[in-house]
Structures are given as C-alpha cells and as structure tokens.
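Data first, discussion second: the structure below is written as structure tokens.
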Amino acid sequence: MQTLQRTFSIVKPDAVEKGATGDILHMIQEKGFRIIGLKMLEINKQQAEGFYAVHASRPFFDSLTTFMSSGPIVVMALEKDNAIADLRKLMGATNPANAEEGTIRKKWASSIEHNAIHGSDADETARFELSYFFAGYEFCK
Ligand code: CMP
C-alpha cells in the first residue's frame, strides 16, 4: 500500500552555482512530488554541522560542512506517496560515477561531495531534517 509521505531535500551549493535549481525543481515536479515548502538561504558552518551531526565522526565531515556553508542552497519540503524512496531513486547514487541515466546526480553532480542534491534517507531523518529548516506553519496545505 502507498502512503502519503513527506521528505526533505536540498539543492546543494554546487548545483545552485551552476544554475541548475530550476531544472532540478522541474525534474522533481515531473515525478509527481508536491512542493509544500521552498526557500533559498545560506547556512554557516555551525548550522551545517548541526544538520549533518549524524556524520560527525566521518573523515569527510569537515569538508562536507565547509562545502555546504560555501554558498546559497535551496531547501524543500516535498510530499508524495512513497516520497523518501522515490526521491532517492530520482537523485541517483551518492557517487555520481555510479548514478544511473535520467537521475539528478547523473546530470548535475561532479563528485561524491559536490553531488548536487540531498534527500532524507528514512522517516525519522525526514522529520528531523524538515524541522531543522522549516517551522510547521511554513508548509502549504
Ligand atoms: P548527502 O545525501 O547530503 O549525505 C551526506 C553527504 O556526505 C553525501 O550526500 C555526500 O555529499 C557526502 N559524502 C558521502 N560520502 C562521502 C565521501 N566518501 N567523501 C566525501 N563526501 C561524502
């Protein structure tokens, strides 16, 4: 059974810099996602560290959080049946070298770090990530 689900996504600084935001939003909407929250902003290093706290012990943590605070990002709240898995499928593999044709990362990512887009990987992370960037009243009905 399909259930309506929310997920969270970020168009990362590399993709915003390339002017890919519009194309990525188009690809997401074409797959039937409803955008219920959307904003462009810049975060500082500390805010990026809070968002990626689950990766704090990874060797790439410092580089990842420096990158994520290096320029504008676009954060999104998305709604769809099976949204979490369907967005991850549309994003493609974390490493663009392994991303399938037709995915966002195949088209726009240039490396495992500069990989164009983030999407929540599970229900619990989606809840945390949505609430990190959005207050409840900001979601469209
Ligand atoms: P994201 O979906 O935002 O979640 C964590 C991010 O860490 C991931 O995308 C990549 O951008 C980054 N990442 C994962 N593995 C590596 C790695 N081996 N080296 C550098 N960055 C990585």
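One-based numbering, in listed order, for ligands and for the atoms of each.
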Q.
How far is atom 5 (C) of ligand 1 from the closest protein heavy atom, and which atom is that?
A. His55 NE2, 3.5 Å
Q | Positive for side chain to side chain contact (heavy atoms under 4.5 Å, CB included) with Met76, one of Ile10, Ile36, Val11 | A | Val11
**Q.** Per-atom contacts, ligand 1 versus Arg105 - under 4.0 Å to a heavy atom
**A.** 2 (O)
Q: Kindly state whether the ring of Phe133 and the ring of Phe51 have centres lying under 6.0 angstrom apart.
A: yes
Q.
What I want to find out is whether Lys80 reaches Asp86 closely enough, with some N-O distance under 4.0 Å, to be called a salt bridge.
A. yes
Q: Output the list of atoms in ligand 1 that are nearer than 4.0 Å to some heavy atom of Glu113, sorted by atom number.
A: 11 (O)
Q: Could you tell me whether the side chain of Val75 reaches within less than 4.5 Å of the side chain of Ile73, counting heavy atoms only?
A: yes
(Q) Please find the pair of heavy atoms, one from Trp108 and one from Ile24, that lie closest to each other, and give the distance. (A) CD1-CG1, 3.9 Å
**Q.** Arg58 NZ/CZ over Tyr52 ring centroid, <6.0 Å and within 45° of normal
**A.** no
**Q.** Geometric N/O contact Thr94 with ligand 1, under 3.5 angstrom
**A.** no
Q) How about Gln46 and Thr65: do any of their side-chain heavy atoms sit closer than 4.5 Å? A) no
Q | Top protein contact for atom 10 (C) of ligand 1, by heavy-atom distance | A | Ile112 O, 3.2 Å
Q) When you look for heavy atoms under 4.0 Å from ligand 1, do you find them on the side chain of Lys12, its backbone, both, or neither? A) side chain
Q) What is the nearest protein non-hydrogen atom to atom 20 (C) of ligand 1, stated with its residue, atom name and distance? A) Phe60 CB, 3.4 Å
(Q) Just to confirm my output: which protein heavy-atom neighbour is closest to atom 2 (O) of ligand 1, and how far is it? (A) His118 ND1, 3.2 Å
Q | Of the listed options Phe67, Phe61, Tyr52, closest to atom 3 (O) of ligand 1 (non-hydrogen atoms) | A | Tyr52
Q) For ligand 1, is any non-hydrogen atom under 4.0 Å from Asn115's backbone (N, CA, C, O), its side chain (CB onward), both, or neither? A) side chain
